[in-house]
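Proteins get letters first, then strands, A, B, ... in listed order; numbering begins at 1 in each. We use all heavy atoms of the structure for the numbers below, so side chains are in, but hydrogens, waters and symmetry mates are not.
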Number of protein chains: 2
Amino acid sequence: MAYHHGNARAALLAAAAELLEGEGAARLSLRQCAERAGLSRQAPYNHFADKEALLAELVREGYQRLGERLRSDARPGDAPLDRLARAAGIYIAFGQGTPALFRLMFGKELVDLSRHDEARQAASAALAELSAIVAAMAPATDTREVSLVGWSLVHGYTSLCIETGLEGPAQRKHRSDLFARTIEALARAPAA
Amino acid sequence: MAYHHGNARAALLAAAAELLEGEGAARLSLRQCAERAGLSRQAPYNHFADKEALLAELVREGYQRLGERLRSDARPGDAPLDRLARAAGIYIAFGQGTPALFRLMFGKELVDLSRHDEARQAASAALAELSAIVAAMAPATDTREVSLVGWSLVHGYTSLCIETGLEGPAQRKHRSDLFARTIEALARAPAA
DNA sequence: GACCTCATGTTGACAATGTCAATATAGTCG
DNA sequence: CGACTATATTGACATTGTCAACATGAGGTC
């Protein structure tokens, strides 16, 4: 290896991403990432302010990917119910496929988004995608409430599957449909 | 302080509980707890196998408290909808009132319940309380699905409030009612 | 080419933490 | 009283985040 790595930042992020699901974010060490990237233990500090900053970049990438998946799932002539069911499936699959990343993205103990603008923006963009999909199920006066229920529901289910083993990927499709039906039932119910 | 503390275990747990919300569980150190309890750094190991075991005891206590709150909220002649709305409020209040404890209880990175029988039993008992309350909303054939939606919903909302600042305690009552209505709408919807 | 600047890289160092090991204390029992 | 044992302290060690000092080399200027 030449003195200058030439691609140190990317190598560090790649190393971190590779280690994340095995170690979990709390146990992931900067030294471990540096070693895996063929760098010394101080090298990450040339590219990231501290450990949190490196994790925040992983978070940003995660939201970008999630948002992209939601966006690219749009189909011409989609019925809102079908669109929502598929979006729920995408969200759940994302969480179940990369549990440690999901936990990092939606937790504030290790990465506080208020301190990381770019990651926060990526989060907002991804969640706006989901929100719009859910809101399409509702009368205009109820979109905020229905979006909130939709997000809470799919997020809660995903988190509980990851953290408590509530259910596995085999149930995903069935549950996505159940959640879409739930939102539909709420959107149709008479307002309080 | 006499050589033998006389109440070391309880003092350690009290110290941990006091420090938990300030530090967060990941940053909470056993040494800090020991110091706060007036003990040396090795003393916790006389009472707990390791750091995780001490945290697991906090988790057990947390579930016990949550379960007790749900149980003691029962009122004679309660309508299922009212009972559910109040239960949702209790769950959300618990999470918002002790966010770090909530995160610890419902996360498996720091405490894996499969390794801590008593904590796991306390969790099952508390969640069975919630499940029964939600299930009372549903026809007998649908109780599993409705319970799953109920838990996912209230859990997701609580978690998102804690981790993303989705909403604050001022909205709790209104949202509890919304969630109860959502479950009601689902329970009444024609099955797929 | 020599010199300067600066971003990036290495190594030494330090404090903090989890946990192991050796030693000390004191309560209980026969 | 001696033996035993649970509990407590202190020494030690490996690991980790991060600071500081020093080293490297690419790019720019003269």
Determine whether B/E184 and B/F179 make a side-chain contact, defined as any pair of heavy atoms from C-beta on separated by less than 4.5 Å. no

Minimum heavy-atom separation for A/C33 to A/A15, with atom names? O-CB, 3.6 Å

Could you tell me which residues satisfy side chain to side chain contact (heavy atoms under 4.5 Å, CB included) with B/E52, sequence neighbours excluded, listed by chain and number? B/D50, B/V111, B/D112, B/R115, B/H116

Sequence-aligned protein contact record of nucleotides 6-13 of chain D, with B where the base is within under 4.0 Å of a protein heavy atom and S where only the sugar-phosphate is: -BBBBBB-

Find out whether A/Y157 and A/Y91 are in side-chain contact, i.e. whether some heavy atom of one side chain is under 4.5 Å from a heavy atom of the other. no

Span of DNA chain C in contact with chain B (heavy atoms, under 4.0 Å): C/dT17 to C/dA26

Contact list for residues 33-58 of chain A, test ring-ring contact (aromatic ring centres under 6.0 Å, His included), sequence neighbours left out: none

Only distances under 3.5 Å count here; give the side-chain donor-acceptor pairs of residues 125-140 of chain B to other protein atoms, sequence neighbours excluded, each with its distance to 0.1 Å.
{"from": "B/E129", "atom 1": "OE2", "to": "B/R71", "atom 2": "NH1", "distance (Å)": "3.2"}
{"from": "B/S131", "atom 1": "OG", "to": "B/S147", "atom 2": "OG", "distance (Å)": "3.3"}

Quantified as the angle between the terminal helix axes (five pairs each), what is the overall bend of the helix from C/dG1-D/dC30 to C/dG30-D/dC1 to 10 degrees? 10°

Here the salt bridge (Lys or Arg N to Asp or Glu O under 4.0 Å) pairs for residues 29-48 of chain A, sequence neighbours left out, are A/E18-A/R36

Hey, does the side chain of A/H5 reach the backbone of A/N7 with a donor-acceptor pair shorter than 3.5 angstrom? yes

If you look only at pairs with a residue in residues 49-77 of chain A, which of them pass as a ring-ring contact (aromatic ring centres under 6.0 Å, His included), with sequence neighbours excluded? A/Y63-A/F106

Pairs where residues 125-149 of chain A contributes a residue and the test ring-ring contact (aromatic ring centres under 6.0 Å, His included) is met, not counting sequence neighbours: none

Residues 120-139 of chain A vs ring-ring contact (aromatic ring centres under 6.0 Å, His included), sequence neighbours excluded, gives none

Check each residue of residues 106-118 of chain B for a non-hydrogen atom within less than 4.0 Å of any atom in DNA chain D, then write out the ones that pass by number, or none. none

Interatomic distance where CD belongs to A/E23 and C1' belongs to D/dT16 [whole Å]: 13 Å

Evaluate the side-chain contact (heavy atoms from CB on, under 4.5 Å) criterion for residues A/K108 and B/R103: first the C-alpha distance (whole Å), next the side-chain angles of each, then the deciding distance (0.1 Å), finally the verdict. CA-CA 10 Å; A/K108 75 174 184 185; B/R103 184 186 292 122; 3.8 Å; yes

Would you indicate whether B/E118, at its atom CD, is surrounded by more than 12 heavy atoms from other residues, nucleotides or ligands within a distance under 6.0 Å? no

Please give me the minimum heavy-atom distance between A/A180 and A/L84, naming the atom from each residue. CA-CD2, 3.9 Å

Which residues in residues 50-61 of chain A have at least one heavy atom lying under 4.0 Å from any atom of DNA chain D? A/D50, A/K51

Taking atom CD of B/E21 as the centre, does the number of heavy atoms from other residues, nucleotides or ligands within less than 6.0 Å exceed 12? yes

